[in-house]
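One-based numbering along the sequence shown. Everything numeric in this text was worked out from a predicted model, so none of it was measured. Whatever order the structure lists them in is the order used to number ligands and atoms, beginning at 1. Heavy atoms only: backbone and side chains are in, while hydrogens, waters and symmetry mates are out.
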Amino acid sequence: MSVTNAQGSNRLDQRPEWQALAKHRDETAGTHLRDLFDADPGRADRYTLQVGDLHLDYSKHLVTDETLELLRELAAATGVFELRDAMLGGERINVTEDRAVLHTALRAPQSATIAVDGYNVMPGVHAVLLKMGVFADRIRGGEWTGHTGKRIKNIVNIGIGGSDLGPAMAYEVLRSYTRRDMTFRFVSNVDGADLHEAVRDLDAAETLFIIASKTFTTIETITNATSAKKWLLEQLGAGEEAVAKHFVALSTNAEKVTEFGIDPDNMFEFWDWVGGRYSYDSAIGLSLMVAIGPVGFREMLAGFHLVDEHFRTAPPERNAPLLLGLLGVWYGDFHDAQSHAVLPYSHYLTKFTAYLQQLDMESNGKSVDRDGNPVHWQTGPVVWGTPGTNGQHAYYQLLHQGTKLIPADFIGFARPLADLGPLAGQHDLLMANFFAQTQALAFGKTPDEVRAEGVPEELVAHKTFRGNHPTTTILAGELTPSVLGQLVALYEHKVFVQGAIWNIDSFDQWGVELGKVLAKRVEPALTEGADVPGLDPSTTRLVAKYRELRGR
Ligand code: F6P
């Protein structure tokens, strides 16, 4: 989609709305969050949004009503909502791969009609969900047994990128909803250590491998899956006939699955309109469904759908993904912020930021626009972070007193999970840190406040906190499957909004290809010392050193 501005140019940074924002940035430079709250204490009430179970507070941002209005004008001028409707309507908005982008169909109700090229995808979506549910129940109920007749107790998901990060993250997040009498492991790295550690203490007779790969050609996954098959057959002392009971596949590529030796009946299908990093609510979530059960999985899908509907229908002033996307543009493009921190105050969200890294950085780490022209503005930020309390004792020093502007999302929950028993008593302390940190980041501590504490003059500068660090607070009642779905959908659509504004294709990932091709080319140099044409002098020397150290 190409949108043209009043001057007949579609270059983003030449649009009047962009220039109005740059002017506004210059006019408001030097304004501190303390000034904004002094001038308008009511912003604490006004700058909040409720989306499903998520309460969003965006009052601690370097914005005023005028900033928000100007940002929304930019969104309108760049056609964000038109592109959203095109995506939801099944149009091929992934232009470089000529594909529709329909992860929202994965969580739409059965009664919905969503068509790609005139073909309603919803019956297929729900047929696969049903098949997954039957399978998950058979595993959980012990009806599906292994080759020797033993019940399956261990699930090993083998996949990488979107075929690993989503299910692995969601399994951790929803751990307290999982079958505690089963073992779930996630293998992704082609480093043999990953598979080795995952299976070394498992009984092969009780183990099921779920091979998750959209393309079923990804070298890491196929290598690990082949090794897993070898391990299993050796452990069981069985032939290929054992594979059917111990391997299932999640893929769009039935031909390759069959070639690998997995019965197509044991394949759970999805479609080319599901991007890898948007796929854990498709068949790619099978390991999660076995862990939390089909009912929990559907609750999670309902959470996704709730935010999809919010994104589709909420007016711009109340649209949470739009708001988060615009705030990111404000800092990245107008305040030179290079990164964005996501800091959950829940141990269960340990892998959440790693998941968002792929979602955001693989989607918006682009430097040409949808027509292939270089962009003249910043695109996706570096996304990083770990659970907040641990971060407080590691890198928060830089957040508080470093020289960089790092907008951050703080995610927390009012109620601890029942599972914690007496340890739930620690929750208030956890959350006291959650609230204290955003206050300290926003308001800091002035030199006068430091002096008033009797601090000697030579330490005043060291103990001063500049403040003015913007944060969004996302607070929910409790971490449930639905809340997880809501959170992920919120970030998915935020990423979408930014890609639409920057006029980039958020749904391709050509940047991962070159490394893959070169790795294939370099391998014979490592193993056989083969001459690899086109290898640069530095890499040639490193390969020689590697072979020497390897004793070859
Ligand atoms: O290398 C990047 C990537 O293509 C991701 O986009 C994708 O999630 C991952 O590899 C795995 O791909 P597949 O599911 O096809 O194995």
Problem - Parallel, tilted or perpendicular: ring planes of F247 versus F260, cut at 30 and 60 degrees - result: tilted
Handout entry: Cation-pi geometry met for K131 and F268 (6.0 Å, 45°)
Key = yes
Handout entry: Neighbour list for ligand 1 [protein residues, heavy atom under 4.0 Å]
Key = I160, G161, G162, S163, S213, K214, T215, T218, G276, Q358, E362, Q509, V512, K516
Handout entry: Ring center gap for F304 and Y280 short of 6.0 angstrom
Key = yes
Problem - Carboxylate-amine/guanidinium proximity below 4.0 Å for D308 and R107 - result: yes
Completion exercise
Checking H246, E241, K245, E240 against V243 for side-chain contact (heavy atoms from CB on, under 4.5 Å), the one that qualifies is E240
Completion exercise
Contacts of Y171 meeting ring pair (Phe, Tyr, Trp, His ring centres under 6.0 Å) (sequence neighbours excluded), chain-then-number -> F184, F186
